[in-house]
Amino acid sequence: VRYSEEDWQPYRDVLHEVYAEIWKLRDGEPVVLRAVDFYNPAISDWREAGIEPECTAALEAMNGFVRDVAEADGATMVFAKMTVEGTDIYSYDLADDCCLQRLTVGRLYDNLSPTYSPDGNRIAFTSTRLGDGFAQIYVMSADGTGQEILAPVAWGVTGASFAPAWSPDGLSVTFHRYVNRIPQIFVMDLATRTVRQLTSFGRNTDPAWAPDGRHISFVSNRSGSRQVWIIDIKTSRVRQLTRLGQARMPAWSPRIVEQN
């Protein structure tokens with residue numbers, strides 16, 4: 001099947017972004033978060049356009065590259081690596097420059113977007129192990145044991161979930177989840193296992209927790225284009241942060257602790 005230039009044009013910029021992130025990683029950037037998210041909402045639009053096989057083939061040509069990178073205390077790194085059998089999460093001891101450890105076993109599904117809890121004891125990640133590309137948020141111990149789904153699935157009501165991010169105190173995880181085919185921002189209290197939906201207007205993705213633990217930035221098209229917004233999780237007040245171009249994947253600078 002061949003597609004016209006007009007068919008490809010809406011997706012060309014996304015492909016370029018994917019390649020650009022990979023080259024940044026190969027050029028030795030010390031930390032790259034979500035270098036390639038195969039199930040990013042922007043990429044998932046290819047399915048609706050009916051050109052998924054061609055886009056999938058383009059991404060699979062990058063087989064073997066690191067897809068996601070996260071660090072706990074700087075001594076250990078976790079990342080997701082693609083193979084023909086699927087995508088799995090590995091850890092590597094940077095301090096001793098050794099000891100590659102496979103934490104998940106894909107068996108034709110994908111495990112992506114690993115992120116350490118603030119204390120380094122747990123890892124949240126995305127997995128399609130429920131089948132049919134139905135990605136959900138999971139959590140496991142840092143050594144790969146105790147893997148379990150984090151947020152319960154409401155079959156027929158909620159869809160795939162992506163982009164987990166821990167709160168600074170490690171007590172909650174935010175993520176975006178599809179509801180009626182539209183992504184929205186959620187937060188889960190780990191102690192009570194209760195899930196709360198934070199957004200309902202527009203398409204909202206890629207949440208990132210502020211160091212104060214009260215605010216979450218995210219990307220939304222509610223203003224007509226993808227821009228960064230911030231929500232106060234206590235008051236639900238939302239404000240727009242960026243207004244130019246198209247924004248993706250916001251990240252906060254860490255809070256600096258003064259040394260005495």
Side-chain angles (χ1 to χ4, degrees), residues 25 30-39 65-83 85-131 133-153 158 160-177 185-196 206-209 211 213 216 251-252 254-255:
L25 183 61
V31 178
V32 179
L33 298 176
R34 299 180 192 138
V36 179
D37 192 342
F38 195 40
Y39 292 93
F65 287 115
V66 174
R67 300 173 70 166
D68 307 275
V69 178
E71 292 187 81
D73 56 6
T76 305
M77 176 178 67
V78 290
F79 59 92
K81 183 180 183 298
M82 294 181 286
T83 71
E85 297 178 352
T87 305
D88 279 305
I89 295 173
Y90 293 76
S91 67
Y92 188 78
D93 190 325
L94 295 174
D96 293 331
D97 193 19
C98 74
C99 313
L100 182 68
Q101 181 182 0
R102 187 177 182 177
L103 303 181
T104 63
V105 180
R107 294 194 179 94
L108 301 181
Y109 55 78
D110 292 315
N111 301 284
L112 300 161
S113 303
T115 177
Y116 274 107
S117 60
D119 61 9
N121 291 328
R122 292 176 293 173
I123 297 171
F125 62 101
T126 301
S127 178
T128 61
R129 62 188 62 185
L130 289 183
F134 196 72
Q136 292 298 318
I137 308 300
Y138 288 74
V139 67
M140 62 181 169
S141 298
D143 62 1
T145 60
Q147 298 184 23
E148 60 176 329
I149 193 167
L150 187 63
V153 180
T158 60
S161 300
F162 303 90
W166 295 85
S167 61
D169 60 10
L171 300 179
S172 302
V173 172
T174 184
F175 55 93
H176 71 251
R177 166 177 280 183
I185 306 299
F186 289 77
V187 64
M188 180 177 187
D189 183 298
L190 297 179
T192 63
R193 291 299 177 105
T194 56
V195 179
R196 180 161 61 106
D206 299 323
W209 226 298
I216 293 174
W252 296 81
R255 175 172 288 168

*asked:* For the residue pair Thr87 / Asn111, report whether a side-chain donor-acceptor contact shorter than 3.5 Å exists.
replied: no
*asked:* Under a 3.5 Å distance rule, please check whether Thr194 uses its side chain to pair with a backbone N or O of Asp189 as donor and acceptor.
replied: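 No: the side chain of Thr194 does not pair with the backbone of Asp189.
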*Distance-only, no hydrogens or angles: does the Asp96 side chain make a donor-acceptor pair with backbone N or O of Cys98 under 3.5 Å?*
no
First locate atom [atom1] of [X], then atom [atom2] of [Y], and finally report the distance between them rounded to the nearest 0.5 Å.
{"X": "Trp209", "Y": "Ser172", "atom1": "CH2", "atom2": "OG", "value": "4.5 Å"}
{"X": "Lys81", "Y": "Asp88", "atom1": "NZ", "atom2": "CG", "value": "9.5 Å"}
{"X": "Leu190", "Y": "Leu171", "atom1": "CG", "atom2": "CG", "value": "7.0 Å"}
{"X": "Asp206", "Y": "His176", "atom1": "CG", "atom2": "NE2", "value": "6.0 Å"}
{"X": "Ser91", "Y": "Ile123", "atom1": "OG", "atom2": "CD1", "value": "7.0 Å"}
{"X": "Leu103", "Y": "Gln147", "atom1": "CG", "atom2": "CD", "value": "8.0 Å"}

*Charged N to carboxylate O under 4.0 angstrom, Arg122 versus Glu148?*
no
Side chains of [X] and [Y] in contact at under 4.5 Å (non-hydrogen atoms):
{"X": "Leu150", "Y": "Met188", "value": "yes"}
{"X": "Pro118", "Y": "Pro168", "value": "no"}
{"X": "Ile89", "Y": "Met140", "value": "yes"}
{"X": "Leu130", "Y": "Tyr109", "value": "no"}

_Cation-pi geometry met for Arg129 and Tyr138 (6.0 Å, 45°)_ = yes
What is the minimum heavy-atom distance between [X] and [Y], and which atoms define it?
{"X": "Ala80", "Y": "Leu112", "result": "CB-CA, 4.3 Å"}
{"X": "Ser127", "Y": "Phe125", "result": "CB-CE1, 3.9 Å"}
{"X": "Tyr92", "Y": "Phe79", "result": "CB-CE2, 4.3 Å"}
{"X": "Thr115", "Y": "Trp166", "result": "O-NE1, 2.9 Å"}
{"X": "Ile149", "Y": "Arg193", "result": "O-NH1, 3.9 Å"}
{"X": "Thr158", "Y": "Arg177", "result": "CB-CD, 3.5 Å"}

*Go through the steps to decide whether Thr174 and Ile185 satisfy the test side-chain contact (heavy atoms from CB on, under 4.5 Å), and finish with yes or no.*
CA-CA 7 Å; Thr174 184; Ile185 306 299; 3.6 Å; yes
*Show your reasoning for whether side-chain contact (heavy atoms from CB on, under 4.5 Å) applies to Tyr90 and Thr104.*
CA-CA 7 Å; Tyr90 293 76; Thr104 63; over 6 Å; no
